[in-house]
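Here the structure comes first, spelled out in structure tokens, and everything after it is commentary.
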Amino acid sequence: MKQELRALSFAAAALLASAGALADIYPSRPITLLVGFPAGGGADTVARIVGDKLGKLLGQPIVIDNKPGAGTTIASDQVARAAPDGYTLLLGSANLYGSDKLLYKSVKYDGAKSFVPISRWSSAPMLLAVNKDVSAKTVQALIAEARQNPGKLAYSSSGAGVVTHLAGLSFEKAAGVQMLHVPYKGGAPSIQAVAAGDVQLTFGTPPSVLPMAQGQKLRVLAVTSGQRSPLFPDVPSVAEAGVKGYDYTFWFGLFGPAGLPPEVAQKLFDASVAALNDPEVKARMEKSGNESAPSKSLAEFRAWALVEGAKSKELTERSGASVE
């Protein structure tokens, strides 16, 4: 009996030692961060700002791998099937937790079971922006035009079922209007379509919208948060403009595949928090229209993401949207 206990003690000690050793040597090669959108959009901007600092803190580069298409499910599926060694990670959001399955019947992963949430990275409102030649100068004027011409005003998104689509669906419901949704493969082509006049408006991420707005190719009418955003203090919220109860913000966070060793997840969490609290990173994030939003702990982010994911799933269900 004593020999068995001694053997178990040695095994436990060896396990703890190996876990500590893994944390000490990780990472020993570059880390790939998959982003389900093309370069130039909001998600890509967040990934590159935070990823650059994260790589420096970890001592290995973070390689951004853009895998757009199918509402980000191509990138998500690849990470769900990846080896849980910490070298393949995902910049994900609430759609992982059920919305993807509702929209794309071929999705096999389960947000709550297939991924390890590590930390929230960013939080921001979206911007309701219109082509510079659209006559509406306010949200109320836009709503009036949409009511006069049901289904005629077209809004772009970075893909069916992603945040830029769901923000539009929420607006339609809250404002009591019917518009035409036109999905694109990413934030950059979505915004370019508005600037070119192919569609009249969009609910875009700040990194995608701001360059076009500053170039006077788009006109920003409102932010999608319930109140004015400190990032854009001079821009009214949609709710303030008359659409009571409308409140839609988006976030991105870092995820790994299920089975990711806890010590690796903790190391990535600690490095993420340090990167997001770095003054230069915070300034770059704010300039791009995003807030650095690190989580308090691995457990806190997991619980928060589950709640946010359930909200996103409910919104998708209510919208009746489906792609496949």
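Treat the numbers as computed from the prediction; the structure is a model and nothing was measured. Each residue takes its place number in the sequence, starting with 1.
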Point to revise | Within 6.0 angstrom of Gln227 CD, more than 12 heavy atoms from elsewhere | key: no

Review point. Is there a donor-acceptor contact under 3.5 Å from the side chain of Ser123 to the main chain of Glu291?
Key: no

Check your understanding: When clusters are formed by joining ILVMFWY residues with side-chain heavy atoms under 4.5 Å apart, either directly or through shared neighbours, do Phe250 and Val220 land in the same one?
Key -> no

Practice item. Decide, yes or no, whether a salt bridge links Glu314 with Lys311 under the criterion of side-chain N to carboxylate O below 4.0 Å. Key: no

Review point. Any donor and acceptor pair, going by atom type alone, linking the side chain of Gln140 with main-chain N or O of Ala241 inside 3.5 Å?
Key: yes

Point to revise | Derivation of the side-chain contact (heavy atoms from CB on, under 4.5 Å) call for Gln266 and Leu298 | key: CA-CA 7 Å; Gln266 187 64 52; Leu298 287 162; 3.3 Å; yes

Point to revise | Check against salt bridge (Lys or Arg N to Asp or Glu O under 4.0 Å), Arg29 and Asp85 | key: CA-CA 11 Å; Arg29 64 177 191 270; Asp85 54 13; 3.4 Å; yes

Review point. Are Val139 and Val134 co-members of a hydrophobic cluster defined by side-chain heavy atoms under 4.5 Å apart?
Key: yes

Practice item. Show your reasoning for whether side chain to side chain donor-acceptor pair (under 3.5 Å) applies to Thr202 and Ser156. Key: CA-CA 5 Å; Thr202 193; Ser156 65; 3.0 Å; yes

Practice item. Please tell me if the side chains of Thr88 and Leu34 come closer than 4.5 Å, counting only heavy atoms from C-beta onward. Key: yes

Practice item. Side-chain contact test, heavy atoms from C-beta onward, threshold under 4.5 Å: evaluate it for Phe255 versus Leu96 and give yes or no. Key: yes

**Study point:** Common cluster, Leu260/Ile31, ILVMFWY with side-chain heavy-atom separation under 4.5 Å
**Key:** yes

Point to revise | Results of side-chain contact (heavy atoms from CB on, under 4.5 Å) for Ser99 - residues two or more places apart only | key: Asn95, Ser312, Lys313, Thr316

Point to revise | Nearest heavy atoms of Lys282 and Leu276, plus distance in Å | key: CG-O, 3.0 Å

Check your understanding: With a cut-off of 6.0 Å (strictly less than), are more than 12 heavy atoms of other residues, nucleotides or ligands near CD of Glu280?
Key -> no

Review point. Side-chain contact, heavy-atom cut-off 4.5 Å: Met179 with Leu201?
Key: yes

Practice item. Find out if a path of hydrophobic residues (ILVMFWY) with successive side-chain heavy-atom gaps under 4.5 Å connects Ile191 to Val182. Key: yes

Check your understanding: Taking the side chain from Asn131 and the backbone from Val194, do they hold a donor-acceptor pair closer than 3.5 Å?
Key -> yes

Check your understanding: Okay, side chain of Arg147, backbone of Ala175: is any donor-acceptor separation there less than 3.5 Å?
Key -> yes

Exercise for review: Determine the minimum heavy-atom distance between Ala174 and Val243, stating which atoms define it.
Suggested key: CB-CG1, 3.5 Å

**Study point:** Donor-acceptor under 3.5 Å (Thr73 side chain, Ala70 main chain)
**Key:** yes

**Study point:** Heavy-atom closest pair, residues Thr45 and Gly40
**Key:** OG1-O, 4.4 Å

Review point. Would you call Leu58 and Leu54 a side-chain contact if the rule is heavy atoms closer than 4.5 Å?
Key: yes

Exercise for review: Report the C-alpha separation of Asp52 and Arg48 in whole Å, then their side-chain angles, then the decisive distance to 0.1 Å, and conclude whether the salt bridge (Lys or Arg N to Asp or Glu O under 4.0 Å) test is met.
Suggested key: CA-CA 6 Å; Asp52 179 59; Arg48 292 181 189 277; over 6 Å; no

Practice item. Would you indicate whether the side-chain heavy atoms of Ser288 and Leu210 approach each other to under 4.5 Å? Key: no

Check your understanding: Closest approach of Pro236 and Arg228, non-hydrogen atoms and distance?
Key -> CA-NE, 3.8 Å

**Study point:** Tyr87-Ser28 side chain donor-acceptor pair, cut-off 3.5 Å
**Key:** yes

Check your understanding: In terms of heavy-atom contacts, does CD of Gln216 have more than 12 from other residues, nucleotides or ligands at under 6.0 Å?
Key -> no

**Study point:** Trp121 and Ser272: side chain donor to acceptor below 3.5 Å
**Key:** yes

Revision key, fill the gap. Residues Leu180 and Gly151: closest non-hydrogen pair is CB-O, 3.8 Å

Practice item. Could you give me the CA-CA distance, side-chain angles and deciding distance for Val50 and Met285, then say whether side-chain contact (heavy atoms from CB on, under 4.5 Å) is met? Key: CA-CA 8 Å; Val50 184; Met285 289 280 275; 4.0 Å; yes

Exercise for review: Indicate, with yes or no, if the rings of Phe37 and Tyr184 have centres closer together than 6.0 Å.
Suggested key: no

Review point. Got a sec: does the CD of Glu286 have more than 12 other heavy atoms crowding it under 6.0 Å?
Key: no

Check your understanding: So, Lys56 and Asp278, do they make that salt bridge, N to O below 4.0 Å?
Key -> no

Exercise for review: Would you check if Ser295 and Trp304 make a side-chain contact, meaning some heavy-atom pair closer than 4.5 Å?
Suggested key: no

**Study point:** Stepwise ring-ring contact (aromatic ring centres under 6.0 Å, His included) test for Tyr97 and Tyr109
**Key:** CA-CA 9 Å; Tyr97 294 86; Tyr109 56 78; 9.9 Å; no

**Study point:** Leu218 side chain reached by Val209 side chain, heavy atoms, under 4.5 Å
**Key:** yes

Review point. Does a donor on one side chain sit under 3.5 Å from an acceptor on the other, for Ser158 and Thr164?
Key: yes

Check your understanding: What pair of heavy atoms forms the shortest contact from Val116 to Ala258, and how long is it?
Key -> CG2-CA, 4.0 Å

Point to revise | Within 6.0 Å of NZ in Lys101, more than 12 heavy atoms from elsewhere | key: yes

Review point. Under the 3.5 angstrom rule, does the side chain of Ser76 hit a backbone N or O of Thr72 as a donor-acceptor pair?
Key: yes

Review point. So do the side chains of Gln178 and Lys152 get within less than 4.5 Å of each other, counting heavy atoms only?
Key: no

Point to revise | Geometric cation-pi criterion Arg120 and Phe252, 6.0 Å radius, 45° cone | key: no

Practice item. Evaluate the side-chain contact (heavy atoms from CB on, under 4.5 Å) criterion for residues Leu306 and Arg302: first the C-alpha distance (whole Å), next the side-chain angles of each, then the deciding distance (0.1 Å), finally the verdict. Key: CA-CA 6 Å; Leu306 283 169; Arg302 182 180 185 279; 3.7 Å; yes

Practice item. Would you please classify the geometry between the Tyr155 ring and the Phe203 ring as parallel, tilted or perpendicular, with 30° and 60° separating the classes? Key: perpendicular

Practice item. Look only at the side chain of Gln200 and the backbone of Ala154, and say whether a donor-acceptor pair between them is shorter than 3.5 Å. Key: yes

Check your understanding: Is there a donor-acceptor contact under 3.5 Å from the side chain of Lys132 to the main chain of Val130?
Key -> no

Practice item. Decide yes or no on side-chain contact (heavy atoms from CB on, under 4.5 Å) for Leu33 and Leu254, but give the supporting numbers first. Key: CA-CA 9 Å; Leu33 176 60; Leu254 185 64; 3.7 Å; yes

**Study point:** Lys287 NZ: over 12 foreign heavy atoms closer than 6.0 Å
**Key:** no

Check your understanding: Of all residues at least two apart in sequence or in a different chain, which pass the side-chain contact (heavy atoms from CB on, under 4.5 Å) check with Arg81?
Key -> Asp77

Review point. Quick check: does any side chain N or O of Lys267 sit under 3.5 Å from a backbone N or O of Tyr26, one acting as donor and the other as acceptor?
Key: yes

